[in-house]
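Here the structure is laid out as structure tokens; the discussion comes afterwards.
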Protein chains: 2
Amino acid sequence: MLVHMSTAVSEQVPEAMSWSTENCTISRTMDILGDKWTFHVLREVFVGVRRFEDIRARAGVPRQVLTERLAALIERGLIRRHPYRLPGQRERSEYRLTQAGLDLYPVLVAMIQWADQYLPLDSGPPIEPRHRGDCGERVTVVMRCEAGHEPTPREVAFRPGPGAQPR
Amino acid sequence: MLVHMSTAVSEQVPEAMSWSTENCTISRTMDILGDKWTFHVLREVFVGVRRFEDIRARAGVPRQVLTERLAALIERGLIRRHPYRLPGQRERSEYRLTQAGLDLYPVLVAMIQWADQYLPLDSGPPIEPRHRGDCGERVTVVMRCEAGHEPTPREVAFRPGPGAQPR
DNA sequence: CAGCATAAGTCCGCTTGACAGACTCAGCCA
DNA sequence: TGGCTGAGTCTGTCAAGCGGACTTATGCTG
């Protein structure tokens, strides 16, 4: 039971205190995604902007930072280089999402959904995730457990799994 | 239609190029969440670790950075201070999630789900989101559109919404 | 051929932020 | 009185981000 549920005056030690943060899943994810420019770059690639100069100009990333972040994202397997050639120009590279990159969609959709609720603009959402093709309806994320329930945030808790290490 | 779907050799200009990144939802979210320490701090609060010293020691955050991040998270309304008093000690503060903070659950669950797939540990997941109480089953996020479909990442696209500004 | 245009970088010096480690402060207790 | 503890603040060092100038490779134009 997490301390959230405690009603006693005297505090209990949270269960999580006895588990290591060594191999924490969030840390390992943040090692890849955990800075503001990486997310800006991914946003551009997600909306279809894939060339160095276009990404740089739209996201406002310093060139050196963009070079470094693209290399890191390629090394981590989220994007890959893809040669292209404009008529009358030499061959260059653009950057496309891999399957691992595409599978970040739920993360981006969850963030947009949160921001649309808590950081709304007067003019409405500037960007909307939608079901492609004939359907075209707006897409949201929902949490669902394996029994088929759809719990609210208060009904969800993080628990140690098989890979948890004692401290 | 996004360029993803183009099969022609000659490239098209992505639709997104004609929209401003000024008020982008991802940028505005990253202004709040977009650095590695903020996510580490949130992780601790999510798993029930709420006191300055405990957060600092478990997350390995430099004190000064923790002070600054907690203040920012309070100002943005994701957490709030809550006084507590251990027996025989003076009153101190702990940090708890607000409703806005709790509603980041889907973002964290989506990240963990992605990492469990693409950055797995031999020993299994160290942390698992679960439905509290009697159910106890594992929780995942799914994308769902308003027509009730559950599209895969390739079937979702980001489109400009009512608040999109031309460049 | 010389000269120009362009995408995608690299180089440079400055400033900002992260960092480790020492220090402070307030209340409680022996 | 002096010591302990949680929650900070202070300080000097060092890495990273930054804007702006420079470079490189190729194709096009005259």
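Convention: sequence-line order gives letters A, B, ...; per-chain numbering from 1. Since the model is a prediction, treat every value here as computed from it, not as a measurement. Every heavy atom of this structure was used, including side-chain atoms; hydrogens, water molecules and symmetry mates were not.
Here A/E150 pairs with B/R144 in a salt bridge; the nearest charged N to carboxylate O distance falls below 4.0 Å. Salt-bridge check for B/D31 with B/R76: failed, with every basic side-chain N at 4.0 Å or more from each acidic carboxylate O. B/R56 and B/E44 are not joined by a salt bridge, as no carboxylate oxygen comes within less than 4.0 angstrom of a charged side-chain nitrogen. Taking a cutoff of 4.0 Å between a charged side-chain nitrogen and a carboxylate oxygen, B/E94 and B/R92 do not qualify as a salt bridge. One finds a salt bridge joining B/R138 and B/D116 here, because a Lys/Arg side-chain nitrogen approaches an Asp/Glu carboxylate oxygen to under 4.0 Å. No salt bridge links B/R159 with A/E128; every basic N to acidic carboxylate O contact stays at or beyond 4.0 Å. The residues B/R63 and B/E53 are annotated as salt-bridged, a charged nitrogen and a carboxylate oxygen being separated by less than 4.0 angstrom.
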What's touching nucleotides 16-18 of chain C from the protein side, N or O pairs under 3.5 Å?
from	atom 1	to	atom 2	distance (Å)
C/dA18	OP1	B/R69	NH2	2.7

Task: Under 4.0 Å protein heavy-atom contact, by nucleotide of nucleotides 4-14 of chain D - B base, S sugar-phosphate only - done: -BBBBBBB---
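The interatomic distance linking A/E91 (CD) with D/dC28 (P) rounds to 14 Å, in whole Å. What separates CZ of B/R85 from C1' of C/dA26 is a distance of 12 Å, to the nearest Å. The distance between atom CD1 of A/I55 and atom C1' of C/dG9, rounded to the nearest whole Å, is 13 Å.
With sequence neighbours left out, B/W19 forms a ring-ring contact (aromatic ring centres under 6.0 Å, His included) with no residue at all.
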